[in-house]
Amino acid sequence: MASAFWCIVEDDRAGRPKKVTGEVLGEAARLARQLGGQAEAVWLTDKATDEGLKQLAEWGAARVWLLENPALAPYRGEVWTPALAELATQHGVQAIFGAVTARQRELLARLAARIGVGLSADSVAFSLQDGKLVATRPVYAGKLLSKVTWSKPPWLATLRPNVFRLEDPKTGATPQVERPAVAIPQGTMTLAERKEEASTGLPELAEADIVVSGGRGMKGPENFAILEELAKVVGAAVGASRAAVDAGWRPHRFQIGQTGRTISPKLYLGFGISGAIQHLAGMRTSKIIVAVNKDPEAPIFKVADFGIVGDLFEVAPLLTQEFKRLLEK
Ligand SMILES: Cc1cc2nc3c(=O)[nH]c(=O)nc-3n(C[C@H](O)[C@H](O)[C@H](O)COP(=O)(O)OP(=O)(O)OC[C@H]3O[C@@H](n4cnc5c(N)ncnc54)[C@H](O)[C@@H]3O)c2cc1C
């Protein structure tokens, strides 16, 4: 279909698409409708599941292009990119969207280079002007928003998680599944060993609706237990500033900011974080920002919706207690 907006599926490696794919499909469907087109999912995987396919249809995928092959796992850019490029070229697609996740950032950049089109990375809004897509993306660590457009299709973009709305679920929708014949190239690298860190039992940082984050003011790794306690009560993920990560208190995958993860939760609570521009680059699009800092002049208060000037070691346990009381009601 000429005005098809393709959305690359991000899954949990067990056949379940992640919520961020629903957000990407939601935005793609809204845009495609204005051009008389539709949102479609493209799923590259070694094992799809019926529930996964159904989920994609409920999120608004009018069609699912399924490339299911053992050679597609684990993700390798040199294997996925040619397969996806061949499929996109065969079908004259209008747009290809992905999420701002580690692998889709890389995949979409590779794809843009391979098919010779532009990519709007880390997009936070879209509009259609005279039938052409215009994307908004933050630049200079979020200080400015720039608007970009494409000189030719397909329009490639990655979308920041937690910014775009899911469509109302199309309960009971069944997907139209296509299994196209596409050559899957041999990988030049094979996986020697995979080590997965033990799950924290808390939501994934980029996808969490609530993020509790700690900085140098936490004073040591052991004190992050205070934030984990609060996170458990409110169902949050725990993040950190670079100062806390550089000190070895948290692994790098929990770092928020310019050289870490970009998050847009509904609620961000920062404890002992000064609010350096590089940290703000990763969280300033959060819907509500709460900052706890003992220094009333800390720059984070300039972007905070609510600020508490105080000692985090007193404030955090009080907040935990209060949330517990409220949520148990
Ligand atoms: C190229 C580059 C990239 C960078 N990328 C990132 C990035 O991705 N993410 C990032 O976070 N930073 C990044 N930085 C580093 C950034 O500039 C800051 O140094 C860092 O964010 C500071 O972390 P912080 O706020 O935890 O520490 P600090 O700036 O030291 O702030 C600690 C705060 O804790 C408060 N505090 C102390 N004790 C308490 C207490 N008991 N109760 C309440 N408050 C207390 C203090 O008042 C202070 O405001 C980058 C820097 C560069 C140059």
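Counting begins at 1 with the first residue of the sequence. For ligands, and for the atoms within them, numbers begin at 1 and follow the listed sequence.
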- Closest non-hydrogen protein atom to atom 41 (N) of ligand 1, residue and atom name please, with distance? D311 OD1, 3.0 Å
- Task: Run down the list G214, S274, A316 and name the one with the heavy atom closest to atom 29 (O) of ligand 1.
- Result: S274
- Note on the structure: heavy-atom search around atom 22 (C) of ligand 1 in the protein gives A243 CB, 4.0 Å
- Side-chain contact test, heavy atoms from C-beta onward, threshold under 4.5 Å: evaluate it for S213 versus I273 and give yes or no. yes
- Could you tell me whether E23 and R165 have a side-chain N and a carboxylate O separated by less than 4.0 Å? no
- Strictly by modelled atom types, are Q176 and E178 linked by a side-chain donor-acceptor pair under 3.5 Å? yes
- Query: Given K219, R242, Q255, R216, which one has a non-hydrogen atom that is nearest to atom 4 (C) of ligand 1?
  - Reply: R242
- Query: Please state which protein non-hydrogen atom is closest to atom 47 (O) of ligand 1 and give its distance, to 0.1 Å?
  - Reply: N293 OD1, 2.7 Å
- Just jot down the ligand 1 atoms closer than 4.0 angstrom to any heavy atom of G272, in number order. 26 (O), 32 (C), 33 (C), 34 (O), 35 (C), 44 (N), 45 (C)
- Which atoms from ligand 1 have a heavy atom of D295 less than 4.0 Å away? 47 (O)
- ligand 1 atoms nearer than 4.0 angstrom to some heavy atom of G260 are 8 (O)
- Does atom 49 (O) of ligand 1 have a protein non-hydrogen atom under 4.0 Å from it? yes
- Atom indices of ligand 1 within 4.0 angstrom of G310 heavy atoms, with elements: 42 (N), 43 (C)
- Could you name each residue pair satisfying side-chain hydrogen bond (donor to acceptor under 3.5 Å, both in side chains) that touches residues 47-57, not counting sequence neighbours? K54-E58
- Distance flag, aromatic centroids of F97 and F126, threshold under 6.0 Å: yes
- Item | Contact atoms of ligand 1, heavy-atom distance to Q258 under 4.0 Å | 7 (C), 8 (O)
- Just checking, any donor-acceptor pair under 3.5 angstrom between side chains of W59 and E167? no
- Run the numbers for me: atoms of ligand 1, each under 4.0 Å from some heavy atom of A276, listed by number. 16 (C), 17 (O), 18 (C), 21 (O)
- Report yes if the distance between the aromatic ring centroids of W6 and W65 is under 6.0 Å, otherwise no. yes
- Query: What atoms of ligand 1 come within less than 4.0 Å of a heavy atom belonging to G215?
  - Reply: 26 (O)
- Query: Counting from 1, what ligand 1 atoms have a heavy atom of I256 closer than 4.0 Å?
  - Reply: 7 (C), 8 (O), 9 (N), 10 (C), 11 (O)
- Closest non-hydrogen protein atom to atom 52 (C) of ligand 1, residue and atom name please, with distance? Q278 NE2, 3.7 Å
